[in-house]
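As the structure lists them, so they are numbered: ligands from 1, and atoms in each ligand from 1.
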Amino acid sequence: MVDLRSDTVTRPTPGMLEAMMRADVGDDVYGEDPEVNALEAEAAALFGKDAAVFTPTGSMANQIGLQLLVRPGEELLCDVKAHVVNFEMGAAAALGGISTRTWAGPNGRLDTGLVEPLINRPNPYVTVTRAIAVENTHNIGGGTVQPLAELRRLRDLADAYGLGLHLDGARIWNAHAATGTPFAEYGRLFDTVSVCLSKGLGAPVGSLLITDAERAQRARVIRKRLGGGMRQAGFLAAAGRYALAHHIDRLGEDHARARHLARSLEPFGICDPAQVETNIVLVRIPEIAQVAAAAADQGVKISVLGADWGRMLTHLDVDDAGIEHAVKVLGTLLGK
Ligand SMILES: *Cc1c(COP(=O)(O)O)cnc(C)c1O
């Protein structure tokens with residue numbers, strides 16, 4: 001089976017499992033889990049920030065970040081296809097009381113020219129804008145890398161208007177692999193950063209919210225309130241530490257395989273290799289649900305996102321042979 005639906009489907013490698021078995025654990029709600037404490041310190045240092053808070057999911061890390069920056073009845077701006085407004089079950093509104101408005105960036109790419117006109121300054125007649133969230137890489141945009149110059153312009157804009165900046169960095173690892181931009185640069189530009197250990201890095205569970213010391217303290221309160229206070233979480237943190245140490249440098253392989261996959265499928269007119277920047281290949285296929293079902297019968301799983309479109313992702317558990325198999329199966333089904 002070649003599972004290209006998502007980079008979340010990976011299973012721990014033998015080395016990662018061994019690290020989990022060796023984990024030195026304690027009760028993290030008491031702050032006494034050595035593996036969690038080490039993971040949080042390592043992640044904070046990597047991004048040049050004070051502190052990090054380990055969470056069960058990226059959604060929780062995002063929502064904690066948003067609640068730190070925006071109070072109930074205030075507003076967050078983000079891209080129209082952002083994970084925080086599409087795939088977190090309305091949590092910003094339901095749990096944070098946060099109002100949202102969106103801009104539509106091409107392929108999810110940030111354009112501060114679209115953002116600035118949306119900003120509501122404090123006055124008695126409007127919902128005041130307090131923060132802006134950016135996704136890097138952009139998932140539904142197709143693994144789009146946000147241009148560093150534009151992120152810097154956004155920081156200047158946020159400073160000029162007194163706004164907070166949240167980075168949904170579930171796949172910031174892929175942005176780093178594609179551009180070489182140091183993680184500390186992202187840490188410098190954003191007030192709160194969420195990262196996922198369970199996407200391209202291949203850990204079974206876990207995310208982090210990375211921020212300054214004062215916000216991290218408040219983040220622990222919000223995490224507990226959301227039900228995210230975990231006990232001997234060090235078994236999971238050990239997987240995350242292993243992922244940080246061993247699985248960042250290899251991401252270029254996933255990107256090369258995604259490009260190869262897109263080039264191989266280009267003759268069928270379903271994708272554009274020029275749009276593939278990282279590990280995500282968006283495809284346009286009429287009646288994709290039927291094609292996906294037939295492909296799954298032949299051992300290839302792809303993700304259906306709409307009536308005529310979907311995506312394929314490369315990751316730790318897909319090798320060159322898997323890509324060749326996927327190309328063969330899809331090529332036969334698309335028949336040309
Ligand atoms: C996967 C993902 C998340 C977090 O998802 P969880 O399933 O809650 O861990 C957040 N943002 C983006 C862009 C993602 O792709």
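Closest to atom 9 (O) of ligand 1, if we only count protein heavy atoms, is Gly58 N, 2.8 Å. The protein heavy atom nearest to atom 11 (N) of ligand 1 is Asp168 OD2, 2.7 Å. Ranking protein heavy atoms by distance to atom 7 (O) of ligand 1, first place goes to Ser59 OG, 4.5 Å.
Atoms of ligand 1 found under 4.0 Å from any heavy atom of Arg171, numbered from 1 in the order shown, are 15 (O). When each atom of ligand 1 is checked for a heavy atom of Ala170 under 4.0 Å away, the hits are 2 (C), 3 (C), 10 (C), 11 (N), 12 (C), 14 (C). Residue contact check: Glu135 has heavy atoms under 4.0 Å from atoms 13 (C) of ligand 1. Heavy-atom contacts of Thr57 reach the following atoms of ligand 1: 8 (O), 9 (O) (cutoff under 4.0 Å). Atom numbering of ligand 1 starts at 1 in the shown order; those under 4.0 Å from a heavy atom of Asn62 are 10 (C), 11 (N).
Closest heavy-atom approach to atom 12 (C) of ligand 1 among the candidates Lys81, His83, Glu88, His138: His83.
By the 4.0 Å N-to-carboxylate-O rule, Glu32 lies too far from Arg231 to be salt-bridged with it. Between Arg188 and Glu185 there is a salt bridge, with a side-chain nitrogen of the basic residue lying less than 4.0 Å from a carboxylate oxygen of the acidic one.
In this structure, Met60 does not count as a contact residue of ligand 1, since none of its heavy atoms falls inside 4.0 Å of the ligand.
Aromatic pair Tyr186/His176: centroids not less than 6.0 angstrom apart.
A side-chain contact (heavy atoms from CB on, under 4.5 Å) with Thr181 is found for one member of Leu148, Ile172, Leu189 and no other, namely Leu148.
Under 4.0 Å from ligand 1, not a single heavy atom of Thr8 appears. Contacts with ligand 1 closer than 4.0 Å are made by side-chain heavy atoms of Lys199 only, the backbone lying farther away.
Atom CG of Asn123 has more than 12 heavy atoms from other residues, nucleotides or ligands within 6.0 Å. Within 6.0 Å of atom CZ in Arg218, more than 12 heavy atoms from other residues, nucleotides or ligands are found, so the atom counts as buried in its surroundings.
Checking side-chain atoms of Glu277 against main-chain N and O of Val145 turns up a donor-acceptor pair under 3.5 Å.
Taking the six-membered ring where the residue is Trp, His247 and Tyr242 present perpendicular rings, their angle passing 60° and hence far from 30°.
Residue-to-ligand polar distances place Asn139 within reach of ligand 1: an N/O pair is separated by less than 3.5 Å.
Note that CG of Leu282 and CG of Asn139 are 8.5 Å apart. Values are rounded to the nearest 0.5 Å.
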